[in-house]
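See structure below.
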There are 2 protein chains.
Amino acid sequence: MERDTPQRRAIREALTRAGRPMSPAEVLDAGKALAAGLGIATVYRNLKLLTESGWLCPVDLPGETTRYEVSGKPHHHHFLCRECDRAFEVAEHCSGNHRFSAPSGFRVEAHEIVLYGVCATCTN
Amino acid sequence: MERDTPQRRAIREALTRAGRPMSPAEVLDAGKALAAGLGIATVYRNLKLLTESGWLCPVDLPGETTRYEVSGKPHHHHFLCRECDRAFEVAEHCSGNHRFSAPSGFRVEAHEIVLYGVCATCTN
DNA sequence: AGGCCGTCGATAATCTATTATCATATCCCA
DNA sequence: TGGGATATGATAATAGATTATCGACGGCCT
């Protein structure tokens, strides 16, 4: 069965607190503050476990390494800061019902919107 | 200076004919039909050169290896077929002026829309 | 408290994509 | 047409991300 370890707790806590998709390296950094000595292998192991259990959800952004975010959130998109390279959540807004048109014969089943720019922290 | 070789011609021709973003491997396959013996190293070399010269434009899609498309096209987005893993161009349609909202303090400078589904060929 | 077995950290190994190397071939100007 | 600079193809090397290995540690059930 699955055990309750300080490391696993730290990883979950880091992701919950951040409230945004994090890369394994980011999780490692944030997790170290909560569990000294945390190793990258442990981070990868737990990201995998938590994803398989459904608690986490992988987020792929163009040209970026996979991030992970706590699942269960309503449909939303992502924002990538060009300065600090951090990803953020962006609430679905744009009139909810855009119709994405593809050439005839194509069946659109999902879409992904990625915004690029500068985040609040880096703007200052 | 830059020479005119059958290989370089084949690579350009393959990309032009396809009319969609292609991965290096796809360019190699298509290019072999136009220049027998074409090697992957030559493909990478020329994709780089053509990109630096502005003739090609890199296309990054989430979780996918970089594709390349002939540049100079009007603003558009991309469609990725879940069956054959090929990328296609999709004309900008959705009323042109969506406003993408990000949290206050965030500056949105660009956006990317990726559609997922099944292409016309794979639907049949 | 004892002990089993999941977990950890360090690091080696792997994997995929891309670039470098180098001997050979070839384009193109003189 | 001759010859040198550029290009090519096979393959080795590199780079970055992720996974496997393995001895030691430590939750947690009894």
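Computation of the quantities below employed the complete heavy-atom set of this structure, encompassing side-chain atoms and omitting hydrogens, waters and symmetry-equivalent molecules. Chain identifiers are assigned alphabetically (A, B, ...) following the order of the sequence lines, protein sequences preceding nucleic acid strands; residue numbering begins at 1 within each chain.
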Self-check item: Centroid-centroid distance, H111(B) to H75(B), less than 6.0 Å
Solution: yes
Self-check item: Candidates H77(A), R20(A), K73(A), H78(A) - the one meeting side-chain hydrogen bond (donor to acceptor under 3.5 Å, both in side chains) with E89(A)
Solution: K73(A)
[atom1] of [X] versus [atom2] of [N]: gap in Å, rounded?
X      : N       : atom1 : atom2 : value
K48(B) : dA7(D)  : NZ    : P     : 14 Å
D60(A) : dT18(D) : CG    : C1'   : 14 Å
L49(B) : dA20(C) : CG    : P     : 12 Å
I40(A) : dC8(C)  : CD1   : P     : 13 Å
E2(A)  : dC5(C)  : CD    : P     : 18 Å
K32(B) : dT8(D)  : NZ    : C1'   : 14 Å

Practice problem: Begin with the C-alpha distance, continue with both residues' side-chain angles, and end with the deciding distance and a verdict on salt bridge (charged side-chain N to carboxylate O under 4.0 Å, His left out) for R67(B) and E69(B). | Solution: CA-CA 7 Å; R67(B) 316 293 167 96; E69(B) 69 179 6; over 6 Å; no
Any [X] side-chain heavy atom under 4.5 Å of [Y] side chain:
X       : Y      : answer
V90(A)  : H76(A) : no
C119(A) : F88(A) : yes
E64(A)  : D85(A) : yes
W55(B)  : V70(B) : yes

Quiz item: Can you find a donor-acceptor N/O pair under 3.5 angstrom joining the side chain of R45(B) to the base of dG9(D)?
Solution: yes
Quiz item: Is there a donor N/O on one and an acceptor N/O on the other, under 3.5 Å, for the side chain of R3(B) and the base of dT6(D)?
Solution: yes
Quiz item: In residues 4-29 of chain A, what residues come within less than 4.0 Å of DNA chain D, judged by heavy atoms?
Solution: D4(A), P24(A)
Quiz prompt | Under 4.0 angstrom between T42(B) side-chain N/O and dG9(D) OP1 or OP2 | solution = yes
Quiz item: Hey, is the side chain of N46(B) poking within less than 4.0 Å of OP1 or OP2 on dT8(D), counting only N and O atoms?
Solution: yes
Quiz prompt | Out of dG9(C), dT6(D), dA17(D), whichever nucleotide has its closest atom nearest the side chain of Y44(A) | solution = dA17(D)
